[in-house]
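Atoms within a ligand are numbered from 1 in the order they appear, just like the ligands themselves.
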Amino acid sequence: MTLRLVIPKGRIYDKVSELLGECGVRLAGAERSYRPASSMPGIEVKLLKSQNIPPLLALNQHDIGFAGYDWVLEQNAEVTELLDLGFDPVRIVAAVPETSDIDELKSRRIIAVSEYEQLTRQFLQREGFNFTFVRSYGATEVFPPEDADLIVDNTATGATLLANRLKIIGTVLESSTRFIANPRALDNPQKRQVIENLLLLMKGVINGRSRVLLEMNCPEDRLEAIVNLLPAMRSPTVSRLYNESGFAVKAAIPTKDVAMLVPRLISAGASDILETPIRKVV
Ligand SMILES: Nc1ncnc2c1ncn2[C@@H]1O[C@H](COP(=O)(O)OP(=O)(O)OP(=O)(O)O)[C@@H](O)[C@H]1O
Ligand SMILES: O=P(O)(O)OC[C@H]1O[C@H](OP(=O)(O)OP(=O)(O)O)[C@H](O)[C@@H]1O
């Protein structure tokens with residue numbers, strides 16, 4: 001049994017390849033062949049553009065893959081989403097020149113430019129625009145004002161829209177990288193088993209990345225107060241210190257809470273606080 005895996009080339013590749021590496025599937029030599037060798041026997045890897053991945057999975061050409069949610073929806077392909085990795089978050093927005101007036105745009109036939117034809121058509125029809133659609137192939141923001149009245153494109157920091165003097169008039173969709181499967185691969189018990197194992201490990205790594213392990217010591221009379229402060233996944237681990245009256249407390253904490261929590265733990269009587277990264281939470 002060979003599991004056929006497709007990964008987008010471009011910006012998504014590095015993060016996905018790092019994630020797979022942490023799940024034991026290390027990829028090497030992708031640069032120009034677009035066919036990296038996989039360290040895990042039975043997994044064959046190929047790189048394609050994000051746009052082509054959902055349709056090729058639906059055609060049973062590949063078993064599993066990764067793609068931006070924007071392209072999964074745009075291609076309207078029959079694939080099963082297994083996990084939202086949360087990587088590369090973007091908003092797909094409709095934007096017009098800073099000086100444009102929406103009522104004026106709605107009073108005439110406009111030119112709308114985008115790489116996303118279906119998403120744009122659906123959005124503009126819903127919003128009541130009369131438009132002619134032109135497909136772009138990158139650099140969409142440079143079309144207005146001469147070559148477009150309105151664009152639909154993705155935005156992350158907003159820098160490209162700003163540099164081209166465009167303002168957002170609506171959000172079409174929020175997108176991030178998804179782990180997707182060909183439904184026929186999931187019907188094959190052998191393939192399904194490997195996919196489910198991979199999924200479990202990926203969830204473990206993603207979960208682990210959002211948490212750190214905090215370990216600390218405290219005297220017996222401060223134990224209750226400290227345990228009450230800890231938003232642990234389950235109950236924190238508490239163990240008695242050797243030859244001393246105090247306790248050691250250990251808990252997995254959301255990374256975002258650490259800065260706020262550490263001073264409170266110290267005030268509550270914690271000492272010797274150690275913070276360590278977590279590789280996986282399974
Ligand atoms: N600035 C960005 N930040 C985060 N994600 C982005 C950004 N631009 C595009 N993406 C996402 O990356 C995926 C692929 O987008 P796109 O087709 O533009 O390829 P790319 O990564 O820019 O590669 P290439 O350089 O080959 O065009 C899409 O799902 C898109 O939402
Ligand atoms: O909001 P920002 O942080 O500025 O990011 C958004 C820009 O990034 C992407 O472009 P990319 O660099 O991939 O070039 P492309 O338009 O040729 O795909 C995207 O198409 C936007 O143009």
Q: How far is atom 16 (O) of ligand 2 from its nearest protein heavy atom, and which residue and atom name does that atom have?
A: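 Result: A139 N, 3.2 Å.
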Q: Can we say K15 and D88 salt-bridge, meaning some charged N sits less than 4.0 Å from an Asp/Glu carboxylate O?
A: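 So K15 pairs with D88 through a salt bridge.
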Q: Any Lys/Arg nitrogen of R178 or E81 sitting under 4.0 Å from an Asp/Glu carboxylate oxygen of the other?
A: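 Yes, R178 and E81 are salt-bridged.
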Q: With respect to E115, determine whether any N or O atom, backbone or side chain, lies less than 3.5 Å from an N or O atom of ligand 2.
A: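 E115 vs ligand 2: no N/O contact under 3.5 Å.
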Q: Using heavy-atom distances, let me know which of D153, D70, V90, I12 sits nearest atom 30 (C) of ligand 1.
A: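 Among D153, D70, V90, I12, the closest heavy atom to atom 30 (C) of ligand 1 belongs to D70.
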Q: Need the ligand 1 atom indices (1-based, order shown) with element for anything under 4.0 Å from a heavy-atom of K9.
A: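 Near K9, the atoms of ligand 1 are 26 (O).
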Q: Which heavy atom of the protein is the closest neighbour of atom 4 (O) of ligand 2, given with residue, atom name and distance?
A: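 Nearest protein contact, heavy atoms only, for atom 4 (O) of ligand 2 is T160 OG1, 2.4 Å.
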Q: Applying a heavy-atom cut-off of 4.0 Å, say which part of E115 lies close to ligand 1: side chain, backbone, both or neither.
A: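 For E115, no heavy atom sits under 4.0 Å from ligand 1.
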Q: Short question: side chain of R109, backbone of F131 - any donor-acceptor pair under 3.5 Å?
A: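 Yes, R109 side chain to F131 backbone: donor-acceptor pair under 3.5 Å.
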Q: Hey, is the main chain of D70 close enough, under 3.5 Å, to the side chain of S175 for a donor-acceptor pair?
A: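 Yes: the side chain of S175 pairs with the backbone of D70.
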Q: Is Q51 close to ligand 1, meaning an N/O of one under 3.5 Å from an N/O of the other?
A: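 By distance alone, the answer is yes.
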Q: Relative to the heavy atoms of A156, which atoms of ligand 1 are at a distance of less than 4.0 Å?
A: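 Reading through ligand 1 atom by atom, the close ones are 1 (N), 2 (C), 3 (N).
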Q: Would you say atom 14 (O) of ligand 2 touches the protein, meaning some protein heavy atom is under 4.0 Å from it?
A: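 Answer no: nothing from the protein, no heavy atom, is under 4.0 Å.
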Q: Among protein heavy atoms, which lies nearest atom 11 (P) of ligand 2, and at what distance?
A: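 The closest heavy atom on the protein side is R11 NH2, 3.3 Å.
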Q: Please could you name the atoms of ligand 1 that G68 approaches to less than 4.0 Å, counting only its heavy atoms?
A: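 With G68 as reference, the close atoms of ligand 1 come out as 29 (O).
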Q: Would you kindly specify which portion of D153 sits under 4.0 Å from ligand 2, judged on non-hydrogen atoms: side chain, backbone, both or neither?
A: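 Looking at D153 and ligand 2, just side chain atoms fall under 4.0 Å.
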Q: For R184 and D63, run salt bridge (charged side-chain N to carboxylate O under 4.0 Å, His left out): C-alpha distance rounded to whole Å, both residues' side-chain angles, the deciding distance at 0.1 Å, then the answer.
A: CA-CA 8 Å; R184 273 178 277 186; D63 298 310; over 6 Å; no
Q: Do other residues, nucleotides or ligands put more than 12 heavy atoms under 6.0 Å from the CD atom of E104?
A: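 It does: E104 CD has more than 12 such atoms within range.
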Q: I want to confirm something. Looking only at heavy atoms, which of D88, T155, L162, T157 is nearest to atom 3 (O) of ligand 2?
A: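 It is T157 that holds the nearest heavy atom.
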Q: If you measure from CG on L198 to CG on L20, what distance do you get to the nearest 0.5 Å?
A: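 Going from the CG atom of L198 to the CG atom of L20 covers 6.0 Å.
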Q: Do ligand 1 and R11 have nitrogen or oxygen atoms that lie under 3.5 Å from each other?
A: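 There is such a contact, yes.
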Q: May I ask you to identify the nearest protein heavy atom to atom 22 (O) of ligand 2, giving residue, atom name and distance to one decimal place in Å?
A: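 The answer is E141 OE2, 2.5 Å.
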Q: Tell me, which protein residue and heavy-atom name are nearest atom 26 (O) of ligand 1, and how many Å apart are they?
A: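 Protein heavy atom at minimum distance: K49 NZ, 2.7 Å.
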Q: Any donor and acceptor pair, going by atom type alone, linking the side chain of Q118 with main-chain N or O of Q75 inside 3.5 Å?
A: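 It does not hold such a pair.
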Q: Please work out whether any backbone atom (N, CA, C, O) or any side-chain heavy atom from C-beta onward of Y69 is under 4.0 Å from ligand 1, and answer side chain, backbone, both or neither.
A: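 Within the 4.0 Å criterion, Y69 makes no contact with ligand 1.
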Q: Could you list the donor-acceptor pairs under 3.5 angstrom formed by side chains in residues 273-282, with sequence neighbours left out?
A:
unit_1	atom_1	unit_2	atom_2	d
K280	NZ	E22	O	2.8

Q: To the nearest 0.5 Å, what is the distance between CG (L150) and CD1 (I110)?
A: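 Reported to 0.5 Å precision, the distance equals 4.5 Å.
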Q: Could you identify the single nearest non-hydrogen protein atom to atom 6 (C) of ligand 2 and state the distance to 0.1 Å?
A: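 The closest heavy atom on the protein side is N154 O, 3.6 Å.
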Q: Could you go step by step and tell me if F129 and K106 meet the side chain to side chain contact (heavy atoms under 4.5 Å, CB included) rule?
A: CA-CA 5 Å; F129 283 94; K106 283 195 171 169; 3.7 Å; yes
Q: Only heavy atoms of D88, strictly under 4.0 Å: list the atoms of ligand 1 that pass.
A: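 Listed by number with element, the hits are 4 (C), 5 (N).
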Q: Residue-level breakdown please: for I92 versus ligand 1, do any non-hydrogen atoms fall below 4.0 Å on the side chain, on the backbone, on both, or on neither?
A: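 Within the 4.0 Å criterion, I92 makes no contact with ligand 1.
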Q: Under a 4.0 Å threshold between the charged nitrogen and the carboxylate oxygen, would E44 count as salt-bridged to R4?
A: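 Judged by the 4.0 Å cut-off on N to carboxylate O distance, R4 and E44 do not form a salt bridge.
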Q: Looking only at protein heavy atoms, identify the closest one to atom 5 (O) of ligand 2 and say how far it is in Å.
A: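 Answer, as residue, atom name and distance: A156 N, 3.7 Å.
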Q: Just distances here: any N/O of G158 and N/O of ligand 2 closer than 3.5 Å?
A: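 Yes, at least one N or O pair falls under 3.5 Å.
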Q: To the closest 0.5 Å, what do you measure between CZ (R121) and CZ (F123)?
A: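 Taking CZ in R121 and CZ in F123, the distance rounds to 15.0 Å.
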Q: Pick one: which of T140, V96, V93, V142 meets side-chain contact (heavy atoms from CB on, under 4.5 Å) with I151?
A: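 With I151 as partner, side-chain contact (heavy atoms from CB on, under 4.5 Å) holds for just one option, T140.
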Q: In the protein, which heavy atom is nearest to atom 15 (O) of ligand 1, and how far is it?
A: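 For atom 15 (O) of ligand 1, the nearest protein heavy atom is W71 NE1, 4.4 Å.
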Q: Kindly say whether R211 contributes a backbone atom to a donor-acceptor pair with the side chain of K256 at under 3.5 angstrom?
A: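 Looks like no, no N/O pair under 3.5 Å.
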Q: Which residue owns the protein heavy atom closest to atom 14 (C) of ligand 1, what's the atom, and how far is it?
A: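 Ranked first by proximity to atom 14 (C) of ligand 1 is S50 CB, 4.0 Å.
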Q: In terms of residue, atom name and distance, what is the protein heavy atom nearest to atom 9 (C) of ligand 1?
A: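 So the nearest neighbour among protein heavy atoms is N154 ND2, 3.3 Å.
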